[in-house]
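For this chain, numbers begin at 1 and follow the sequence in order.
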Amino acid sequence: MSLEVLFAGGYAAFLLVAAATIEWLSAHTHRRSLRYRTAGFTYDEQHDYWQCPEGQQLWPAEFDHERRLVRYRAKAHICNGCPRKDACTDSDHGREIVQPLDAWPHSEAGRFHRGVSLLLAVLAVLVLVVGAVRNHAPSEVAALAALLVLALLVGRWLLRDFRAHPANFPSPSASQGLCMTVTGADGVRPRSRWASKNRNPWTR
C-alpha cells in the first residue's frame, strides 16, 4: 500500500476522531453547565417551575424567542430576605435560572460545535475521495472505500441532527402575554405554553 494512501486514510481517520471528540466534549460541557446552574434546585415538570433549597418557587418570567431560552425567576422580596441570598445570587431582582428550550445539539452553542464536527467529516470525505481517484490498486481503493463509507455515515448522522428543528416553541404573536397571568380563576398558576415533557431531558 502506497504512502499516499496511508496518509489519506490516516488523516481521514484523524478528522473523524476529532469530530467525534468535539461532539462528545461539547455535549459533556453543556450537560455540566446545566447541572451547575441548577445545583440544589428541583424541577417540577407537571407545573413547570423550579424550587430552590429554601422552598421558593421560580416561575417562567420571560423567554427569548431568538435564543430559545426561558428565564425562571423568584420573587425579589422573598430572595432579598432569604438568609442564603449571598450564597445564591447577587441580584436584587430575585434568583434567576435560564434554561434552553432545546436539547443538545439544538442550542446555539450546540449547533456551532455540531457545525465544526460536520465540517471535519466533510473534509474526511474529500480526502478519501481524492485518495481513491489518485490510486487505482484494488486493495488501496477497497481500504479507502471502507473509510469513505464510515465517513459518509458519520456525516449523515451529524447533518440529520443539525438540520432537524425542534418543535413546541410559540410564535412571536402567539407568545405575547404568556407571562402576564400569575394565577388563573381557580387560584392555580397555569402551566407555561412552551412547557413540554421533552423540553428538559437533563432533569430526568
Side-chain angles (χ1 to χ4, degrees), residues 23-117 160-204:
E23 186 72 13
W24 181 83
L25 285 176
S26 55
H28 178 69
T29 302
H30 178 76
R31 289 191 296 267
R32 287 190 60 184
S33 175
L34 291 175
R35 287 196 298 266
Y36 176 78
R37 269 186 253 167
T38 60
F41 288 71
T42 55
Y43 179 68
D44 187 309
E45 187 173 1
Q46 181 179 1
H47 299 97
D48 189 27
Y49 68 81
W50 288 88
Q51 182 168 301
C52 78
E54 294 295 315
Q56 168 69 355
Q57 295 173 348
L58 287 72
W59 292 96
E62 59 181 311
F63 68 90
D64 188 324
H65 188 273
E66 181 179 354
R67 297 183 180 179
R68 297 180 60 82
L69 301 173
V70 177
R71 293 181 173 88
Y72 297 78
R73 190 174 296 119
K75 294 181 180 179
H77 69 278
I78 295 180
C79 282
N80 292 335
C82 179
R84 300 179 59 176
K85 180 179 184 298
D86 292 339
C88 183
T89 180
D90 57 0
S91 172
D92 293 330
H93 303 289
R95 171 63 189 266
E96 181 179 273
I97 291 180
V98 179
Q99 290 283 278
L101 284 169
D102 307 321
W104 188 265
H106 299 294
S107 64
E108 185 176 357
R111 290 178 65 84
F112 170 78
H113 289 101
R114 176 56 64 87
V116 174
S117 299
R160 179 195 63 189
D161 285 348
F162 184 77
R163 295 179 61 185
H165 194 279
N168 298 326
F169 192 74
S171 64
S173 58
S175 60
Q176 294 179 356
L178 282 179
C179 302
M180 299 299 293
T181 303
V182 177
T183 57
D186 56 357
V188 178
R189 180 164 185 146
R191 187 181 182 191
S192 302
R193 296 183 193 175
W194 56 71
S196 67
K197 294 187 66 176
N198 298 322
R199 189 179 55 74
N200 282 317
W202 51 83
T203 62
R204 291 185 177 86

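- Note that CZ of Arg37 and CZ of Arg32 are 13.5 Å apart. Values are rounded to the nearest 0.5 Å.
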### Task
Any chance you could lay out the side-chain contact (heavy atoms from CB on, under 4.5 Å) test for Glu23 and His113, step after step, and finish with the verdict?
CA-CA 7 Å; Glu23 186 72 13; His113 289 101; 5.6 Å; no

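- Although no hydrogens or angles enter the test, the distance criterion places no donor-acceptor pair under 3.5 Å between the side chain of Asp44 and the main chain of Tyr49.
- Residue Gln56 holds its CD atom at 9.0 Å from CD of Gln51, rounded to the nearest 0.5 Å.
- Nearest heavy atom pair, residue Asp92 against residue Ala76, reads O-CB, 3.6 Å.
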### Task
Starting from the C-alpha separation in whole Å, work towards a yes-or-no answer on side-chain contact (heavy atoms from CB on, under 4.5 Å) for Val98 and Tyr72.
CA-CA 6 Å; Val98 179; Tyr72 297 78; over 6 Å; no

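- Remark: Gln57 CD to Thr42 OG1 distance equals 9.5 Å, nearest 0.5 Å.
- Shortest non-hydrogen contact noted between Gly94 and Arg73 is O-CG, 4.2 Å.
- Residues Asp90 and Lys85 approach most closely at C-NZ, 4.0 Å, considering heavy atoms.
- Rounded to the nearest 0.5 Å, atoms CD (Glu62) and CG (Leu69) are 10.0 Å apart.
- Atom CZ of Arg31 is separated from atom OG of Ser26 by 9.0 Å, given to the nearest 0.5 angstrom.
- When atom types are taken as modelled, the side chain of Thr29 and the backbone of Leu25 share a donor-acceptor pair closer than 3.5 angstrom.
- Residues Ser91 and Asn80 come closest through the heavy atom pair O-OD1, 3.9 Å.
- With rounding to the nearest 0.5 Å, the separation of SG in Cys82 from CZ in Arg95 is 11.0 Å.
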### Task
Please lay out, stage by stage, how Glu96 and Thr89 fare under the test side-chain contact (heavy atoms from CB on, under 4.5 Å).
CA-CA 8 Å; Glu96 181 179 273; Thr89 180; over 6 Å; no

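- Taking both residues in full, the closest heavy atoms of His47 and Trp59 are given as O-CZ3, 3.3 Å, listed atom of the first, atom of the second, then distance.
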### Task
Please assess Thr38 against Tyr43 for the test side-chain contact (heavy atoms from CB on, under 4.5 Å), listing each intermediate value before the final yes or no.
CA-CA 9 Å; Thr38 60; Tyr43 179 68; over 6 Å; no

